[in-house]
Protein chains: 12
Amino acid sequence: MRKVLIIHGPNLNLLGKREPDVYGSVTIEEINSALKERAKKLKLSVDIVQSNHEGEIVDLIGDAEKKYSAIIINPAAYTHTSVAIRDALQATKLPAVEVHLSNIYAREEFRRQSVTAPACRGQISGFGSTSYLLALEAIHSSF
Amino acid sequence: MRKVLIIHGPNLNLLGKREPDVYGSVTIEEINSALKERAKKLKLSVDIVQSNHEGEIVDLIGDAEKKYSAIIINPAAYTHTSVAIRDALQATKLPAVEVHLSNIYAREEFRRQSVTAPACRGQISGFGSTSYLLALEAIHSSF
Amino acid sequence: MRKVLIIHGPNLNLLGKREPDVYGSVTIEEINSALKERAKKLKLSVDIVQSNHEGEIVDLIGDAEKKYSAIIINPAAYTHTSVAIRDALQATKLPAVEVHLSNIYAREEFRRQSVTAPACRGQISGFGSTSYLLALEAIHSSF
Amino acid sequence: MRKVLIIHGPNLNLLGKREPDVYGSVTIEEINSALKERAKKLKLSVDIVQSNHEGEIVDLIGDAEKKYSAIIINPAAYTHTSVAIRDALQATKLPAVEVHLSNIYAREEFRRQSVTAPACRGQISGFGSTSYLLALEAIHSSF
Amino acid sequence: MRKVLIIHGPNLNLLGKREPDVYGSVTIEEINSALKERAKKLKLSVDIVQSNHEGEIVDLIGDAEKKYSAIIINPAAYTHTSVAIRDALQATKLPAVEVHLSNIYAREEFRRQSVTAPACRGQISGFGSTSYLLALEAIHSSF
Amino acid sequence: MRKVLIIHGPNLNLLGKREPDVYGSVTIEEINSALKERAKKLKLSVDIVQSNHEGEIVDLIGDAEKKYSAIIINPAAYTHTSVAIRDALQATKLPAVEVHLSNIYAREEFRRQSVTAPACRGQISGFGSTSYLLALEAIHSSF
Amino acid sequence: MRKVLIIHGPNLNLLGKREPDVYGSVTIEEINSALKERAKKLKLSVDIVQSNHEGEIVDLIGDAEKKYSAIIINPAAYTHTSVAIRDALQATKLPAVEVHLSNIYAREEFRRQSVTAPACRGQISGFGSTSYLLALEAIHSSF
Amino acid sequence: MRKVLIIHGPNLNLLGKREPDVYGSVTIEEINSALKERAKKLKLSVDIVQSNHEGEIVDLIGDAEKKYSAIIINPAAYTHTSVAIRDALQATKLPAVEVHLSNIYAREEFRRQSVTAPACRGQISGFGSTSYLLALEAIHSSF
Amino acid sequence: MRKVLIIHGPNLNLLGKREPDVYGSVTIEEINSALKERAKKLKLSVDIVQSNHEGEIVDLIGDAEKKYSAIIINPAAYTHTSVAIRDALQATKLPAVEVHLSNIYAREEFRRQSVTAPACRGQISGFGSTSYLLALEAIHSSF
Amino acid sequence: MRKVLIIHGPNLNLLGKREPDVYGSVTIEEINSALKERAKKLKLSVDIVQSNHEGEIVDLIGDAEKKYSAIIINPAAYTHTSVAIRDALQATKLPAVEVHLSNIYAREEFRRQSVTAPACRGQISGFGSTSYLLALEAIHSSF
Amino acid sequence: MRKVLIIHGPNLNLLGKREPDVYGSVTIEEINSALKERAKKLKLSVDIVQSNHEGEIVDLIGDAEKKYSAIIINPAAYTHTSVAIRDALQATKLPAVEVHLSNIYAREEFRRQSVTAPACRGQISGFGSTSYLLALEAIHSSF
Amino acid sequence: MRKVLIIHGPNLNLLGKREPDVYGSVTIEEINSALKERAKKLKLSVDIVQSNHEGEIVDLIGDAEKKYSAIIINPAAYTHTSVAIRDALQATKLPAVEVHLSNIYAREEFRRQSVTAPACRGQISGFGSTSYLLALEAIHSSF
């Protein structure tokens with residue numbers, strides 16, 4: 001059974017707990033449940049990590065090849081600033097999919113640029129928690 | 001049965017016919033077949049149009065509310081230049097999903113910006129013809 | 001009797017039909033009626049065309065000298081992108097007035113620049129449908 | 001009878017007195033006469049001030065609500081530099097119309113940007129002294 | 001007793017009189033009273049001036065050394081445009097504090113830059129009328 | 001006999017008919033005659049099309065492989081804005097030559113950039129109608 | 001008793017220990033003592049943390065609501081680069097004040113921009129260790 | 001006897017009174033004496049004005065033709081910001097010379113650009129008070 | 001017999017001698033032979049110079065009027081940097097044609113700009129050694 | 001015996017393990033051995049650390065003075081983004097040398113800028129693992 | 001007797017020989033005569049050199065200290081491009097004055113920037129050949 | 001014995017002769033001696049040239065293959081402006097090392113960019129004359 005590493009970037013631990021008008025009312029736990037359920041249907045297994053630390057995310061990606069067949073990552077704020085995560089994604093042999101809850105094109109100017117996306121296979125943004133499920137489908141269909 | 005309008009932008013008629021190393025070997029007919037098949041599974045119906053004309057695409061979007069419940073659009077070259085298509089997408093009440101075959105972040109600088117995406121619900125790029133199928137799933141899951 | 005060509009650019013066919021909070025509740029038909037009535041008072045005759053096609057608008061301007069004495073144009077989205085319409089306006093001997101329903105300076109950054117205005121005699125923006133009537137007055141007072 | 005404040009910005013006192021090929025031969029007095037005559041027809045009364053001082057113009061706008069129902073302003077050089085006038089226009093409850101004798105889009109690059117226009121209802125540029133009369137019409141039709 | 005010159009820049013005379021949702025309901029008179037009261041507590045005396053004129057503000061700063069020990073200035077719109085005020089602040093031997101009612105970083109792009117701040121000791125922004133009182137404290141603690 | 005497709009872009013239909021001081025007095029018909037004559041000498045055959053429509057030009061290029069061995073294109077205004085035409089030229093297997101009547105480097109800043117040239121074999125600009133004839137020579141010498 | 005979280009960003013642990021001409025001779029311990037003393041006077045309690053880790057600072061802000069009523073943060077180098085800290089500050093319901101020892105406007109160009117300030121209530125910069133005490137006053141006066 | 005108007009811009013009244021290491025120890029009175037003496041030698045008469053007010057300087061230039069044959073202006077801070085002074089200089093028939101005490105190229109980036117110089121005959125910068133005397137020589141030699 | 005000066009800019013002496021995959025296998029001697037042969041057919045005579053020295057090229061152009069009727073120049077690297085060569089071309093009365101072996105639009109960003117082309121009659125780029133021959137034809141047809 | 005701290009930045013742990021065509025086949029262990037051997041020859045001792053965490057690297061530099069006489073750092077991705085590491089290098093009294101395996105000028109545009117280099121004594125880039133050895137020589141020769 | 005080195009930059013040898021409407025009808029010989037005559041009056045001696053070669057000008061400046069007390073230089077085109085000449089001027093102990101015949105602010109955008117001026121004492125531009133004479137006066141008055 | 005060509009760029013002839021606080025007190029002769037001595041140790045021979053002429057440096061590089069095995073170049077001012085030297089370095093088969101005495105990142109903004117470095121194997125900057133010796137070591141270790 002192929003294993004997919006799912007990485008939630010900074011501040012995503014706060015999802016659904018506050019500012020429901022901005023972040024929606026879905027919690028990170030609910031997203032994780034949905035991901036596990038969908039993974040099961042697709043005969044995949046998933047490991048899910050949330051981290052606010054750029055370095056930890058780099059560590060995770062650097063070690064991923066040992067256990068995983070693919071990576072799904074929502075780099076959140078690091079999307080726009082982290083060359084280190086981009087380099088990690090570039091270095092790994094695993095296919096990676098970048099995911100965003102909101103449509104990054106409909107937000108502030110500086111959020112319309114992704115430093116990390118060039119090192120991913122593709123990007124899915126704007127569909128809320130469904131973005132993650134579509135990423136799982138994309139990974140699945142690429143196997 | 002809900003109906004989805006699928007718009008292929010400029011030069012996509014040439015898909016699979018030439019430069020297979022760049023554009024892949026999938027033809028637009030094969031993408032269309034896959035879309036119809038997937039639509040069927042999702043209990044949706046699709047109309048598919050290809051046009052090289054910015055004005056025609058604006059016309060299509062402007063008229064779409066009468067017959068359709070959603071739009072999937074690959075604006076291709078017009079992604080980066082067409083304020084007219086953006087305004088049409090903004091004006092319509094229908095949800096729209098922007099789709100790209102290639103990862104636009106991994107190409108020339110000017111392709112990393114989307115003029116049209118801010119007027120869409122979300123964007124899916126980089127998964128080849130699967131991008132379209134994921135868009136259909138995204139639309140479906142939003143109904 | 002002098003004849004004025006009035007060109008409504010892309011998406012203006014949708015005016016008043018939807019999003020009344022954004023686009024106002026005046027329809028394009030009502031604007032056209034007001035224009036015809038005002039023209040009558042000024043002893044002018046008007047032909048009114050709406051097109052979503054940049055090429056069609058270029059055709060119209062290129063042919064205008066044969067029948068018209070002046071042009072009023074709301075290039076809408078093409079205001080910000082069309083060098084072709086600018087060149088057509090530059091090439092024609094007819095005086096042209098650029099018109100905008102909304103105040104383009106109070107919108108997104110990219111709407112504050114007009115590619116087409118340098119080729120017009122002047123620009124009137126921000127007065128809703130009255131912008132068109134003022135343009136007719138401007139044309140009239142220049143004869 | 002509604003009263004309109006008309007403000008001529010810096011260097012407009014020199015109009016018609018010199019460089020007739022650049023500034024035209026119409027003097028500021030002639031523009032003022034035409035404005036008064038047109039105001040009379042429209043059952044409006046006008047007060048007209050010319051000032052080269054940014055601070056004075058800010059004072060005038062700040063005090064205008066007490067006596068006036070609308071403002072017509074040709075900020076001239078201050079169009080491109082004065083955040084203070086913009087803020088004054090933003091602060092007042094009165095509708096304001098920005099007016100330019102020449103087509104600002106057909107001049108030097110730095111004249112194509114208006115700092116003050118975002119705080120106005122609309123802008124009319126390029127019709128010589130007629131620009132002012134159209135502004136009066138615009139104000140009149142908005143009452 | 002040390003004397004502090006407090007300068008309110010353009011349009012601040014209108015504070016609290018209109019648009020209470022934007023500018024708050026505190027009037028400039030109320031700010032001035034609070035400043036006088038706080039000054040008294042700190043054994044300082046204050047002179048307060050409001051001016052819409054860049055030149056007047058330059059005059060005030062140029063003459064300040066004769067009577068004052070420090071300057072508190074809210075340059076308002078001139079924050080973003082006035083090299084003349086910056087040069088005046090640079091030339092004076094007095095310490096100056098720049099003050100803003102609103103958080104200038106949370107407004108339009110052009111308001112995020114301060115031309116005048118490099119010539120001040122420090123800047124306090126975002127605390128409404130409290131910004132002024134904190135500036136008085138800052139001045140006091142630097143004596 | 002090899003066939004070359006020659007495409008005149010927007011507003012070139014107006015050549016020689018007006019503004020002879022800007023556009024020269026040569027008409028498009030005269031250019032076409034000269035092209036046919038030169039083609040004959042070079043044992044080539046030419047088809048010549050003029051279009052103001054970006055989409056039509058994309059259509060023409062997309063279909064060209066069926067009948068033609070090379071393309072000569074004067075994209076006129078679309079030179080500076082059309083990613084769609086660039087993509088069409090990139091997609092075709094045919095060699096293409098970009099042609100300009102005037103020296104695009106000696107005109108407005110925005111005309112010094114060509115969006116379409118990177119997808120052509122080369123560019124010839126500044127020699128009036130001779131530019132087209134040189135393009136034909138270039139095509140001929142590359143066979 | 002309300003509790004305020006005070007965060008010292010990267011390299012602030014070195015304060016006063018070296019380069020006294022640049023960083024001043026005040027140590028971080030002295031700033032902390034002054035903060036505690038002032039807090040006591042204002043009937044507030046403070047927790048003070050120093051961290052060189054962007055992720056740790058994001059963690060601290062994300063957890064702050066449980067124990068604190070407000071945040072004072074000197075993001076130091078992260079002021080200019082950390083979208084992650086900005087997002088954390090935006091997500092929290094607590095009011096935050098950004099503090100800088102030096103006048104960031106009087107330093108290198110890249111230090112004049114604050115990525116984090118838009119998510120704070122206000123910013124105080126340039127008063128050395130007094131900046132922190134003023135922030136405490138600002139927080140206090142907002143309760 | 002020809003009369004030359006000499007205008008000292010903002011903050012030049014402070015010359016020589018403070019910060020002798022930056023501004024030099026020459027006072028404005030000494031510069032004025034030197035100017036009068038040199039004028040006498042050149043059989044010219046001079047009127048000298050200092051103003052911190054942009055509007056006043058515009059007034060002076062606008063009225064200058066009545067009494068003067070030439071203008072020497074040190075626009076100081078307004079060099080870099082005042083389109084109004086530039087327009088006044090452009091409007092007057094008198095030749096004008098722009099003068100700077102310091103070498104504006106050897107200072108901050110924003111001081112290397114002159115908004116006003118394009119409307120002058122020439123510019124002399126960097127020679128301290130001698131800059132003014134050279135300007136007088138330049139004016140003299142152009143008569 | 002009219003004489004044409006042909007100038008090969010820096011590094012063109014190395015043509016064909018190395019890196020045949022980049023520079024092609026044609027040597028500068030072969031280009032020169034082809035040029036002479038074509039010149040003969042066109043009843044022209046040519047002088048050909050290669051120089052790596054910007055100053056020498058300026059000298060050559062400055063002296064050209066004495067002996068030549070036209071200039072063909074491949075400024076190579078100096079295309080993108082030499083205002084001196086541009087000024088020399090602007091100063092000469094001779095018509096000049098700028099030539100490039102490769103398509104400068106299809107190379108690095110900085111090679112897409114020509115400092116020298118605005119001073120030439122036209123530019124031909126992308127046809128290898130044929131670019132030179134076409135330039136000779138262009139010169140010939142302009143006599 | 002002087003001790004040098006050698007810091008390998010993010011993703012350098014992966015060196016030589018994958019993508020040998022991009023990163024070369026030398027492992028980080030081999031670089032470390034070579035460094036130790038060279039240090040021995042130079043009578044220096046080295047401590048070598050690899051970290052993916054910006055904060056950890058800031059910690060290391062901040063503490064280095066206690067044990068080390070110099071720092072050699074390959075900031076990898078943080079070269080282009082980390083003001084925090086720059087500030088740490090600026091704060092330390094130790095000389096630091098920035099090292100890069102590849103020639104950063106021959107890569108993507110954003111890699112040509114170093115945020116950290118201004119705080120180092122010098123930079124060595126492009127010589128693979130030899131870059132580190134040269135840095136050690138540079139440090140050695142500066143003692 | 002002090003000796004001044006006067007350097008005429010590229011293309012100035014052509015002065016007065018052609019394009020009298022652009023360059024004026026004064027020849028370089030006439031400028032040189034005027035310079036020698038003025039020098040005599042000021043009890044100075046001058047050596048005058050013209051060169052189109054950046055390297056030669058660098059040589060001249062590098063050697064100047066041996067024989068000269070000051071430098072007057074019109075770097076012409078090299079004003080805008082030559083860091084080498086700037087560095088030479090920076091390295092020499094001699095005072096240098098930059099001179100321009102035309103007002104560089106009234107020409108193309110790229111001519112408004114001087115790379116070389118920051119290394120000079122001052123700059124004089126816009127007075128034709130008088131610019132040189134004023135420079136001589138400036139040098140003289142600085143001795 | 002392998003031979004290395006060492007090129008000192010513009011103004012380096014002045015090294016150590018003047019401004020010892022800026023350029024250091026080491027003369028170019030001392031650097032050359034050190035280079036020869038180190039070369040001897042490494043069993044290499046060196047030829048050393050200094051030139052202020054861009055064209056000469058291009059000549060030297062273009063001819064280098066005949067006699068040399070590698071190039072060490074300090075392009076000095078030409079680092080930031082010379083595409084010609086970059087192209088020469090790109091064209092030669094020899095490995096080249098770019099060397100700078102000072103840390104170019106710690107100087108003016110325009111010195112932080114190297115036009116020539118992308119065509120070199122690597123760059124060493126900031127170690128004074130040691131930079132050259134390290135370059136020799138780098139070359140040596142690459143043989």
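Given the structure is predicted, the values throughout are model-derived calculations rather than measurements.
Of all non-hydrogen atoms in H:Pro118 and K:Ala106, the two that sit nearest each other are O-CB, 4.1 Å. Here the closest heavy-atom approach between residue H:Leu134 and residue K:Ile124 is recorded as CD1-CD1, 4.2 Å.
Heavy-atom pairs under 4.5 Å with chain K peak, among H:Ala119, H:Cys120, H:Gly126, H:Gly122, at H:Gly122.
The contact between H:Ile104 and chain K is made entirely by side chain atoms (from C-beta outward), counting heavy-atom distances below 4.5 Å.
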Report the donor-acceptor contacts between chain H and chain K below 3.5 Å as a table, one pair per row.
from: H:Asn103; atom 1: ND2; to: K:Ala117; atom 2: O; distance (Å): 3.0
from: H:Asn103; atom 1: ND2; to: K:Cys120; atom 2: O; distance (Å): 2.9
from: H:Tyr105; atom 1: OH; to: K:Tyr105; atom 2: OH; distance (Å): 3.0
from: H:Ala117; atom 1: O; to: K:Asn103; atom 2: ND2; distance (Å): 3.0
from: H:Cys120; atom 1: O; to: K:Asn103; atom 2: ND2; distance (Å): 2.9
from: H:Gln123; atom 1: N; to: K:Ser125; atom 2: O; distance (Å): 2.9
from: H:Gln123; atom 1: O; to: K:Ser125; atom 2: N; distance (Å): 2.9
from: H:Ser125; atom 1: N; to: K:Gln123; atom 2: O; distance (Å): 2.9
from: H:Ser125; atom 1: O; to: K:Gln123; atom 2: N; distance (Å): 2.9

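Among residues two or more places apart in sequence or in another chain, the side chain to side chain contact (heavy atoms under 4.5 Å, CB included) test is passed with K:Ala70 by K:Val4, K:Pro95, K:Ile139, K:Phe143.
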